[in-house]
Amino acid sequence: MSEPVPLPREFYARPVLRVARACIGKLLVHRTKHGTSVGRIVETEAYRGPADRAAHSFGGRRTARTEVMFGPPGHAYVFFVYGMHYQFNIVTTREGAPHAVLVRAVEPLLGIDGMAKRRNLPSASRDLTNGPGKLCQAFAIGKQAYGLDLCDSELFLADGPRIRTASSARIGIDYAGDWVQKPWRFYDPKSRYVSRARP
DNA sequence: TGAATGATTTACT
DNA sequence: GTAAATCATTCAA
């Protein structure tokens, strides 16, 4: 594989639904001192605050946690939930528009041994990266990744194969009322690493 | 200051 | 299928 190159800022500076769909098939790359992890993104969700009741930025809530979403596109929004899991998001659109794409699943490509070690699972296991919390643990993405610029070469997206993309309702946001049914989840229907079957 | 809760995962029945 | 794990963040007072 040739050296992956970070996608330009313009990739992220578009409406969040377009970015969420465009992310399917792109490569996620994380370089650390312990090694490099690479995976192909196979599942994402769009969160379009402040109107979207499911988004942390709903109602324009601007706090220490959500601050990065109000900044320029192409940065990492990483948050911690359920007392044990991190989630990796991509800030999109434009400064002042708190829209983000949640990366829910990837297919491991490189650095699989490190992922297996961090997940304490066999390297062939599908459970390595088939969920938003799982891939963060596998890729060693934690609070240190909060706010990172995805146009730098530490944590970034790179071009990948063009994939036929399907959509469905988002997962795990039953508190959001009617917003649950919006088809803002995108995935590669051919991948065995999507976090679950069509709801 | 305190109580509620969550963009999940894992283990167990 | 259900439930426990576990704590930063949020909001009410």
Side-chain angles (χ1 to χ4, degrees), chain A residues 12 16-17 19-21 23-24 28 39 41-71 73 75-93 97-108 115-148 150 155 157 166-187 192-199:
Chain A
Y12 306 103
V16 64
L17 293 175
V19 178
R21 179 180 283 273
C23 282
I24 303 299
L28 174 64
I41 296 173
V42 298
E43 183 181 349
T44 64
E45 284 179 0
Y47 285 85
R48 205 178 67 182
D52 181 1
R53 189 163 193 78
H56 291 159
S57 53
F58 173 67
R61 269 194 337 255
R62 187 167 186 162
T63 65
R65 181 173 70 153
T66 62
E67 180 59 30
V68 71
M69 275 199 283
F70 288 83
H75 291 255
Y77 169 43
V78 177
F79 65 92
F80 185 66
V81 275
Y82 296 118
M84 56 191 89
H85 302 300
Y86 287 97
Q87 315 265 316
F88 169 64
N89 300 250
I90 297 161
V91 177
T92 72
T93 312
H99 300 179
V101 172
L102 169 68
V103 178
R104 290 190 54 92
V106 306
E107 279 187 15
M115 297 183 201
K117 193 167 185 179
R118 284 184 287 273
R119 293 280 295 131
N120 193 27
L121 286 170
S123 58
S125 173
R126 238 164 273 172
D127 287 326
L128 235 41
T129 56
N130 66 342
K134 297 176 186 178
L135 79 87
C136 281
Q137 187 182 10
F139 275 66
I141 293 173
K143 63 186 176 195
Q144 86 289 344
Y146 182 93
L148 287 184
L150 303 179
L155 177 65
L157 268 58
S167 61
S168 80
R170 292 175 291 178
I171 291 172
I173 54 160
D174 294 342
Y175 57 85
D178 292 344
W179 293 87
V180 172
Q181 20 184 327
K182 301 234 176 244
W184 290 359
R185 170 177 178 251
F186 301 94
Y187 61 98
R192 290 146 59 109
Y193 281 84
V194 295
S195 64
R196 37 171 124 161
R198 197 190 218 96

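These numbers were taken from a predicted model, which means no experiment stands behind them.
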From CZ of A:Phe58 over to C1' of C:dT9, roughly how many Å is that when rounded to an integer? 18 Å
Atom-to-atom span, CD1 of A:Ile173 to C1' of B:dT5 - whole angstrom: 16 Å
Could you tell me whether A:Arg119 and A:Asp127 have a side-chain N and a carboxylate O separated by less than 4.0 Å? no
Nearest to the A:Arg61 side chain among C:dC11, B:dA7, C:dT10, which nucleotide is it? C:dC11
Of the nucleotides C:dA8, C:dA5, C:dT10, which one has an atom closest to the side chain of A:Phe80? C:dA8
Below the 4.0 Å mark, does C:dT10 have OP1 or OP2 next to a side-chain nitrogen or oxygen of A:Arg65? yes
Phosphate contact (B:dA7 OP1 or OP2) by A:Tyr175 side-chain N/O below 4.0 Å: yes
When we call it a touch if two heavy atoms are under 4.0 Å apart, what does A:Asn89 touch: a base, just sugar-phosphate, or nothing? base
Under a 3.5 Å cut-off on both pairing distances, which runs of 3 or more consecutive Watson-Crick or G-U pairs involve DNA chain C? B:1-6 with C:7-12, B:8-12 with C:1-5
Can a donor-acceptor pair be found between the side chains of A:Gln144 and A:Tyr146 at a distance below 3.5 Å? no
A:Val91 backbone acceptor or donor facing A:His99 side chain under 3.5 Å: no
Base, sugar-phosphate alone, or nothing: which one does A:Gln87 contact when heavy atoms must sit under 4.0 Å apart? sugar-phosphate
A:Asn130 has an atom CG; how far is it from atom P of B:dT9, in whole Å? 8 Å
note: A:His85, atom NE2; B:dA11, atom P; distance rounded to Å ~ 11 Å
A:Met84 CE - B:dT10 P separation (whole Å): 10 Å
Could you give the OH-to-P distance, from A:Tyr82 to B:dT5, as a whole number of Å? 12 Å
Does the side chain of A:Thr63 get closer than 4.0 angstrom to OP1 or OP2 of C:dT10 through an N or O atom? yes
Atom CZ of A:Arg62 and atom C1' of C:dT10: how far apart are they, to the nearest Å? 18 Å
Could you check A:Leu135, A:Leu128, A:Leu121 and say which one makes a side chain to side chain contact (heavy atoms under 4.5 Å, CB included) with A:Met115? A:Leu128
Under 4.0 Å from any atom of DNA chain B, heavy atoms only: list the residues of residues 133-144 of chain A that qualify, in numerical order. A:Gly133, A:Lys134
Result for 5'-nearest mapping on DNA chain B, choosing between A:Val101 and A:Leu121, is A:Val101
Test A:Glu45 against every option in A:Arg170, A:Arg104, A:Lys182 by the salt bridge (charged side-chain N to carboxylate O under 4.0 Å, His left out) rule and name the one that passes. A:Arg104
Tell me, yes or no, whether the heavy-atom count around A:Arg61 atom CZ, taken from other residues, nucleotides or ligands under 6.0 Å, exceeds 12. yes
For A:Phe79 and A:His56, take the angle between the two ring planes, folded into 0 to 90°, and tell me which bin it lands in: parallel under 30, tilted 30 to 60, perpendicular over 60. perpendicular
Using modelled atom types only, decide if a donor and an acceptor are shared between the side chain of A:Ser125 and the backbone of A:Pro122 within a distance under 3.5 Å. no
Shortest non-hydrogen contact from A:Ile173 toward A:Tyr47: CG2-OH, 3.6 Å
Just the rounded figure in Å: distance from P of B:dT9 to OH of A:Tyr193. 15 Å
Please answer whether the main-chain N or O of A:Val106 pairs with a side-chain N or O of A:Thr129 as donor and acceptor at a distance below 3.5 Å. yes
Does A:Leu102 reach a base, just sugar-phosphate, or nothing at all? Heavy atoms under 4.0 Å. base
Ring-on-base stacking between A:Phe79 and B:dA7, under 5.5 Å between centres and under 30° between planes: is it there? no
Has A:Arg119 got a side-chain N or O lying under 4.0 Å from the OP1 or OP2 atom of B:dT9? no
